[in-house]
Amino acid sequence: MTDIPLSTNTPVEVKGRSLWADARRRFMHNKAAVVSLVVLAIIAVACFSAPYLGLRSPDDVNWDLDPLASPPNLEQGYYFGTDANGRDLFVRTLYGGQVSLMVGFVATLVSLVIGTLWGATAGFLGGRIDGMMMRIVDILYSIPFIFFVILLTVVFGRQIVLIYLAIGAVSWLDMARITRGQTISIKRREFIEAAHASGVSNWRIITRHIIPNCLGPVVVYVTLTVPNVILIESFISFLGMGVQEPDSSWGTLVAEGSSVMEIAPWQVLGPGIVLAVTLLSLNFIGDGLRDALDPKDR
Amino acid sequence: MAAVLEVTGLKTSFATQEGAVKAVGGVDFSINKGETLGVVGESGSGKSQIFMSIMGLLARNGSATGSVKFQGEEILGLDVQALNRVRGAKMAMIFQDPMTSLNPYLSVRRQMTEVLIQHKGLSEDQAAKQSAEMLEKVQIPEAKRRLNMYPHEFSGGMRQRVMIAMALLCGPELLIADEPTTALDVTVQAQILEVLVGLQRDFGMAIALITHDLGVIARMADRVMVMYAGNIVEKGSVRDLFKDPQHPYTQGLLESMPRLDETEETRLMTIGGQPPNLQNLPSGCSFRDRCRYAFERCPVETPLLTPFAEGRSKACHLPSL
Amino acid sequence: MLNFFLRRLGGAIPTLFIIIAISFFMIRLAPGGPFARERQVPPEVLAALNRQYHLDEPLWQQFLRYIGDLLQGDFGPSFKYKDFRVTDLILQGFPTSLQLGLLAISLALIIGLSLGIWAALRQNTIVDYTTMGVSMLGIAVPNFVVAPVLTLIFGLMLGWLPVGGWGHPANYVLPVIALCLSQIASIARLMRASMIEVLRSNYVRTAHAKGLPERIVLRRHAIRAALLPVVSFLGPAIANIITGSVVIEQIFSIPGIGRYFVQASLNRDYTMVMGVTVFYGALIIFCNLLADLAYGLLDPKVRYD
């Protein structure tokens with residue numbers, strides 16, 4: 001063959017920016033994602049600092065109101081109005097946010113741990129074990145999990161911790177698939193082979209190369225799992241099978257609100273909008289991260 | 001000799017976020033009836049983009065200006081409908097990667113007959129018959145049976161044969177072959193080239209053979225044009241150009257061929273360097289940074305492609321090498 | 001093709017078995033048995049109840065009995081409505097739920113695919129950005145928020161559509177829209193991404209090079225190929241619609257399976273909850289099978305493997 005060697009010269013080396021610095025730059029260019037990040041931070045901070053903001057208590061009933069359920073009133077500080085029991089819906093939405101966001105966080109953590117371990121093990125071991133482990137994932141995939149979560153709450157009663165775990169335990173499948181695919185593709189790459197050849201231990205290869213390289217897609221998927229999990233929790237709470245009075249989550253608030261929508265539409269709008277904005281932000285952030293980290297779109 | 005294709009002042013650029021990339025910087029050339037023009041250059045030299053512009057296949061952010069006359073008729077800037085009467089019928093193209101250039105979801109039959117139905121108005125049956133005949137001409141065994149198969153059931157070399165057969169269905173005047181053998185095994189490459197040579201003899205079409213493989217050029221082409229950074233740097237017959245290259249770049253290319261002795265090759269590698277950034281071309285000659293003969297005039301004045309002997313031209317300030 | 005189908009069917013059966021097993025044993029895990037939370041049941045009544053529902057038999061025997069009954073299409077008696085079989089309740093609600101679901105999935109496909117193709121063909125224009133922005137909204141906003149808001153706007157404020165009731169075609173509009181909105185959005189985004197990728201593919205370039213009219217390039221070459229990811233999404237989409245129908249039926253008081261399911265869950269009607277779970281599981285598996293078949297029809301590589 002008489003290929004021209006000129007073209008095989010090393011490509012122009014752009015200044016050695018790391019993957020993460022590069023990703024951050026791309027992420028910062030995505031306006032929707034950056035705005036979403038700010039919005040989400042505001043919502044989260046507001047929810048978790050609600051007890052220290054000198055607001056009303058979520059259980060305080062204002063008997064002076066007539067009727068008890070009154071529309072938003074900025075002068076009196078009822079930004080979202082009050083519910084049928086005369087409680088401040090804005091405050092209740094913030095406290096409900098604590099539950100919803102915590103579910104999102106904890107359940108995602110559960111799914112992250114199970115999913116990455118399962119996927120990385122299957123991918124790294126390969127062969128028959130890999131085949132079996134992924135077959136199990138395939139089977140679990142076509143099971144209508146929400147029904148099982150509901151079944152679980154029917155059987156064991158409505159314990160919030162149980163809901164955390166149940167949702168986490170059913171949302172790890174995608175995570176496992178992604179980690180496995182990533183592990184396999186990394187395992188085959190030259191730099192891993194080079195590391196093997198130069199006698200670097202398996203453990204070091206996993207910690208120094210495979211895990212950092214899986215991180216990108218996993219981070220993306222984590223941000224997309226959180227809204228999903230929040231959605232499942234709200235769904236279950238909406239049906240009356242999740243969080244119980246006097247506690248609230250965004251799902252229960254929307255449920256209460258939608259039942260009186262005809263006479264008090266603000267009751268569904270406040271929590272509904274906050275829930276929607278949160279989910280929207282998380283999705284935009286996930287999308288932005290994917291664009292920033294996914295080498296395919298570069 | 002009548003020219004099938006006459007290109008004058010063709011410029012192609014791509015709009016990117018970082019500014020315009022000038023892929024082709026104004027080229028003039030023609031292809032005569034029945035001849036094979038070899039187009040050589042490294043990746044990014046614009047050799048493919050010339051023909052993508054001609055075929056109206058530029059990416060969405062690309063645009064081409066200048067003039068392209070096919071059989072005397074201007075085809076650059078034609079609307080898609082008018083262009084479609086030419087491409088696939090009188091002017092066809094095959095691509096580098098036969099594995100992805102065929103639609104994996106349609107049978108070979110469907111992909112071949114649609115060309116004849118579109119351009120010749122044949123019925124499906126007639127089209128299928130002619131398609132099978134064409135598959136035989138590119139030496140695919142059991143053509144009738146193979147016609148009904150899907151691309152994934154063919155090997156890479158077989159798929160490229162299918163591509164060639166598909167391109168030749170309507171008996172084009174010009175076949176543009178964009179690195180037709182690059183993605184294939186060495187033995188398969190030779191077979192594909194053989195098929196091309198044979199078909200050219202039978203059909204008498206002109207071929208524009210785009211490649212970075214000088215061996216392929218030596219075997220196939222009548223004339224060669226050498227591309228560098230979007231411009232033609234040297235043009236001439238294969239015999240002249242291989243025997244006596246007159247542009248430093250061409251010389252470098254030829255010296256890098258393995259059959260030359262080792263010391264020469266290593267010397268070239270040291271001059272190697274990088275092709276220039278097409279977003280921001282340097283002043284003067286774009287090869288000057290890599291040129292072992294560069295002198296004061298090179299950064300100041302852009303050398304134009306000028307004839308210096310019968311049928312030969314080059315873009316270099318040096319009178320001769 | 002038959003081979004492919006049989007293999008998929010072979011994969012579906014263990015899945016169904018696992019669904020049945022999980023739901024069966026989960027119910028039996030309930031602390032103190034299914035009737036333990038009933039108000040103050042005297043021991044002899046509890047024993048009688050247990051006998052009536054065969055709860056005194058060994059677990060494996062109960063399981064075999066349950067599977068045997070299922071094979072005959074019998075989901076067992078309802079624990080709450082003593083005179084009803086779960087099968088009857090399911091069959092009673094199914095036609096309504098099926099109508100709702102079919103309408104939703106058809107609408108989701110028609111609108112979602114069109115929007116996705118449209119956005120892809122006008123990539124990076126206002127049309128594209130708007131469609132994708134709005135579809136993000138559609139994905140993010142849960143259907144139980146969409147449903148009340150739609151009702152508020154079109155039912156109460158504008159008065160165009162009935163808020164409740166069932167039977168009249170107008171009653172279908174809001175529930176179906178609320179149910180399919182997020183699927184429209186998902187399908188549109190998926191189709192756009194896949195279409196953009198296909199439009200950049202080498203084989204679409206080949207199709208253009210062959211001088212085929214734009215219409216044929218799009219229909220025969222691009223859209224057909226771009227459909228594949230959407231077809232793989234069909235299984236999850238159907239599952240989402242089924243799950244969503246539970247909430248939608250509840251909000252709009254639609255007499256479908258979903259509503260029974262919610263009531264049964266709140267009533268702790270174990271057999272009913274279990275029955276619906278198994279029924280929906282089977283339905284989703286069946287739909288997945290259909291989606292697989294459609295995929296096989298579109299992709300020759302799968303067909304012949």
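The model shown is predicted, which means the values in this text are computed figures rather than measured ones. Proteins come first, then strands; the chains are lettered A, B, ... in the order of their sequence lines, and each starts at number 1.
Two residues are said to be in side-chain contact when any heavy atoms from C-beta on lie closer than 4.5 Å; B/N84 and C/E214 fail this criterion.
Comparing B/M93, B/R110, B/M166 by how many heavy-atom pairs each has under 4.5 Å with chain C, the most go to B/R110. Taking chain C as the reference chain and counting heavy-atom pairs below 4.5 Å, the highest number among B/P104, B/A92, B/A167 is found for B/P104. By number of non-hydrogen pairs under 4.5 angstrom with chain C, the leading residue of B/Q96, B/M52, B/Q81, B/R60 is B/R60.
In this structure, C/R205 and B/L57 approach most closely via the heavy-atom pair O-CD2, 3.9 Å. C/P300 and B/Y105 make their closest contact through CD-CA, 3.8 Å (heavy atoms, listed as atom of the first residue, atom of the second, distance).
Applying the 6.0 Å contact sphere to CD1 of C/I126 captures no more than 12 heavy atoms from other residues, nucleotides or ligands. Taking a 6.0 Å sphere around CZ of B/F203, one finds it holds more than 12 heavy atoms contributed by other residues, nucleotides or ligands.
Evaluated for a side chain to side chain contact (heavy atoms under 4.5 Å, CB included) with C/L212, the options B/Q111, B/Q118, B/H119, B/R87 yield exactly one hit, B/Q118.
Atom CZ of C/R224 is separated from atom CG of B/N103 by 8.0 Å, given to the nearest 0.5 angstrom.
With a 4.5 angstrom heavy-atom cutoff, C/L199 does not touch chain B via any of its atoms.
Of all residues spanning residues 130-139 of chain B, none has a heavy atom less than 4.5 Å away from chain C's heavy atoms.
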**Report entry** Intermediate values then yes/no, side chain to side chain contact (heavy atoms under 4.5 Å, CB included), B/M163 and C/T206
**Finding:** CA-CA 9 Å; B/M163 281 297 290; C/T206 306; 3.7 Å; yes
